[in-house]
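A note on names: the letters A, B, ... follow the listed sequences, proteins ahead of strands, and every chain is numbered from 1.
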There are 2 protein chains.
Amino acid sequence: MSQTVDRALSILPLLAQGPADLGQVAERLGVHKSTALRLLRTLHEHGLVYRQEDQRYRLGARLFALAQEAVENLDVREIAHSHLVALNEQCGHTVHLAVYEENEVLYIDKVESRYPVRMYSRIGKPVAITVAAVAKLLLADLTEPERRAIAERLDYPMYTSRSLPNAGAFLKELAVVREQGWATDLGGHEESINCIGAPIRGADGRVVAAMSVSAPNVVVTAEELLTLLPLVRRTADTISREYSGTTPTKKA
Amino acid sequence: MSQTVDRALSILPLLAQGPADLGQVAERLGVHKSTALRLLRTLHEHGLVYRQEDQRYRLGARLFALAQEAVENLDVREIAHSHLVALNEQCGHTVHLAVYEENEVLYIDKVESRYPVRMYSRIGKPVAITVAAVAKLLLADLTEPERRAIAERLDYPMYTSRSLPNAGAFLKELAVVREQGWATDLGGHEESINCIGAPIRGADGRVVAAMSVSAPNVVVTAEELLTLLPLVRRTADTISREYSGTTPTKKA
DNA sequence: ATGACCGTTGCAGACAATGCAACGATCGAG
DNA sequence: CTCGATCGTTGCATTGTCTGCAACGGTCAT
């Protein structure tokens with residue numbers, strides 16, 4: 001909609017791949033060097049890009065700070081956090097909280113497993129949308145046409161032999177999840193890791209977030225993990241109630 | 001330099017304080033509603049802002065992803081991480097890694113304490129620059145005029161009675177740190193927490209990052225913590241060597 | 001010492017961003 | 001149920017700002 005801003009913002013993902021000098025930026029944007037320079041300068045003034053000693057540009061510090069503040073302003077996260085910690089203390093496994101936003105599911109909070117074997121994940125990292133328990137929960141709540149549209153747009157990478165292979169299987173799984181009110185990922189993302197998850201709902205009943213407990217096979221079997229389901233669902237329901245209780249849009 | 005981009009980017013910190021609707025954004029930017037709308041739309045297309053159901057705007061998901069990629073592209077971080085983990089396994093305390101960038105010091109990695117008592121900090125969060133051990137290390141390496149300029153520009157909040165109170169004391173401390181090659185923060189940020197830190201240097205000897213070990217009084221006294229100094233310095237030196245060994249700018 | 005390369009600046013032209021005004025939708029009150 | 005108000009949205013003419021060009025200066029390698 002706005003050409004100048006559009007160009008400027010296109011620089012960010014470009015630099016996310018690695019540092020680049022002025023010429024490279026100009027070339028990849030398809031604009032004159034002087035234009036790229038002015039855009040970079042503006043980004044620089046706002047701290048979004050940083051100029052390292054070799055004069056090349058890199059993503060800047062304020063980006064972290066912004067992402068930081070953004071995540072701290074998510075009220076679901078704030079409300080949920082203490083419950084996630086409590087759950088972690090009871091079961092000892094890794095606990096995740098995730099939300100859906102614009103065709104992406106991403107983790108917004110995480111409490112690390114107390115076992116030495118940990119799974120790799122990171123707040124802010126997009127979730128493997130076709131297999132993760134939290135992703136199934138969040139997508140299952142969308143309207144039928146939305147689910148269809150998204151399911152057809154997705155790729156279905158076969159992380160393991162148990163990954164959902166195509167849109168049909170995915171939609172079927174979503175229907176199951178929608179019906180039963182909880183979800184699993186049994187080795188669909190990484191062979192040796194299982195997850196169980198439950199939805200967090202707002203006052204209107206819509207799913208606003210999803211949480212999950214993940215544990216590797218070597219610690220507990222899938223069957224053992226499933227015995228935690230009541231606990232997980234209870235925690236999710238508690239968070240839902242507390243979230244619904246607060247005025248939906250509180251802050252000024 | 002570029003008015004349009006400047007305005008657009010000004011929206012981000014504004015939204016970082018909390019969600020806002022179109023009118024509020026326009027007002028705080030000092031532009032017409034239609035202008036604000038178009039800027040927001042462009043930001044939206046790039047995923048930097050998100051429109052929640054109540055139509056208000058919030059910082060968006062891509063911001064996390066960008067910050068994520070940015071932090072992963074810092075080669076110091078990549079090289080240091082395994083060493084930080086190893087150090088944590090030896091001493092059990094919280095280990096931080098920080099860099100200096102444009103008048104800010106910020107944590108770029110962290111390994112949590114294995115003790116139940118943890119200090120609050122977060123990757124991406126700006127560091128208390130006038131007291132933190134890592135901040136002293138990073139600033140101590142700047143040239144004398146740079147140090148002076150920064151020292152005078154800073155605020156000196158008295159977090160505790162042992163916080164450095166003014167530019168004079170700060171510069172003096174930096175001189176000490178610069179001389180001895182390591183730094184401490186003994187209760188200068190939080191009364192009950194002590195830190196010791198050491199610098200990580202590039203091939204040219206300049207400080208590129210700093211690391212620290214933090215522990216609350218209740219776990220170890222300051223004196224006990226200081227006995228870890230050789231270990232911390234050795235770890236920092238190991239990382240420095242490894243960092244200098246790799247070609248400084250490797251990636252494409 | 002010389003040439004090539006890269007970042008930087010001033011300038012005039014052109015295009016894109018701006019503000020205005022009118023429209024439409026949503027919500028609340030009477 | 002109707003009316004009014006509020007807020008987001010769109011088309012348009014004007015203006016201003018962004019763009020590309022060309023020339024300059026610095027740095028590095030030959």
Side-chain angles (χ1 to χ4, degrees), chain A residues 1-12 14-15 18-60 101-102 143 202-204 206 247-252, chain B residues 1-12 14-15 18-60 101-102 143 202-204 206 247-252:
Chain A
M1 275 285 134
S2 167
Q3 189 189 63
T4 315
V5 178
D6 186 56
R7 285 174 171 171
L9 297 182
S10 300
I11 294 177
L12 297 178
L14 194 154
L15 290 183
D21 63 28
L22 179 62
Q24 294 168 347
V25 172
E27 189 190 10
R28 298 183 65 177
L29 272 187
V31 298
H32 199 268
K33 279 186 304 183
S34 58
T35 304
L37 177 68
R38 285 181 281 246
L39 295 176
L40 281 164
R41 270 224 260 264
T42 310
L43 289 169
H44 180 90
E45 277 174 21
H46 287 258
L48 297 185
V49 306
Y50 172 66
R51 193 147 199 201
Q52 33 190 35
E53 306 103 55
D54 62 353
Q55 296 228 101
R56 294 192 306 167
Y57 293 92
R58 205 170 31 70
L59 292 182
E101 182 175 321
E102 315 262 345
T143 65
D204 54 359
R206 288 204 46 197
T247 43
T249 56
K250 191 179 49 181
K251 300 195 173 172
Chain B
M1 275 284 136
S2 167
Q3 189 188 60
T4 316
V5 178
D6 187 55
R7 285 175 172 171
L9 297 182
S10 301
I11 294 177
L12 298 178
L14 194 153
L15 291 184
D21 62 27
L22 179 61
Q24 295 168 345
V25 172
E27 190 191 9
R28 298 183 65 176
L29 272 187
V31 298
H32 198 269
K33 278 187 305 182
S34 57
T35 304
L37 177 69
R38 286 181 279 247
L39 295 177
L40 282 164
R41 270 224 260 264
T42 310
L43 289 169
H44 180 90
E45 278 175 21
H46 287 258
L48 297 184
V49 306
Y50 173 66
R51 194 146 197 205
Q52 33 190 36
E53 306 102 54
D54 62 353
Q55 298 227 101
R56 294 193 304 168
Y57 292 91
R58 210 175 22 74
L59 292 181
E101 182 175 321
E102 315 261 346
T143 65
D204 53 359
R206 288 204 47 195
T247 43
T249 56
K250 190 179 50 179
K251 300 196 172 173

Whether [X] contacts [N] is assessed here as follows: a side-chain N or O lying under 4.0 Å from the phosphate OP1 or OP2. Is that the case?
| X | N | result |
| --- | --- | --- |
| A:Arg41 | C:dT9 | yes |
| B:Ser2 | D:dC18 | yes |
| B:Thr35 | C:dA17 | no |
| B:Arg7 | D:dT17 | no |
| B:Thr4 | C:dA16 | no |

Do [X] and [Y] make a side-chain contact, defined as non-hydrogen atoms from C-beta onward lying under 4.5 Å apart?
| X | Y | result |
| --- | --- | --- |
| B:His46 | A:Ser10 | yes |
| B:Asp21 | B:Asp54 | no |
| B:Leu48 | A:Leu12 | yes |

Rounded to whole angstroms, how far apart are [atom1] on [X] and [atom2] on [N]?
| X | N | atom1 | atom2 | value |
| --- | --- | --- | --- | --- |
| A:Gln24 | C:dC6 | CD | P | 9 Å |
| B:His32 | D:dG8 | NE2 | C1' | 12 Å |
| B:Glu27 | D:dT6 | CD | P | 15 Å |
| A:Leu37 | C:dC6 | CG | C1' | 11 Å |
| A:Gln3 | C:dT18 | CD | C1' | 15 Å |
| A:Leu39 | D:dC18 | CG | P | 9 Å |
| A:Lys33 | D:dC24 | NZ | P | 15 Å |
| A:Leu40 | C:dT8 | CG | P | 9 Å |

Might you confirm whether atom CD of B:Glu27 has over 12 heavy atoms from other residues, nucleotides or ligands at distances under 6.0 Å?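 Count not over threshold, so no.
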So which heavy atom on A:Gly60 is nearest to which on B:Glu101, and how close?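 Taking A:Gly60 first and B:Glu101 second, the nearest heavy atoms are CA-OE2, 3.2 Å.
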Given DNA chain C, 5'-ward residue of the pair A:Val5 and A:Asp21, judged by closest heavy atom: A:Asp21
Counting only distance, no hydrogens or angles, is the base of C:dG7 paired donor-acceptor with the side chain of A:Arg51 under 3.5 Å? no
Taking the minimum atom-to-atom distance to the side chain of A:Arg38, which one of D:dT9, D:dT19, C:dT8 wins?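 Taking heavy atoms from C-beta onward, the closest nucleotide is D:dT19.
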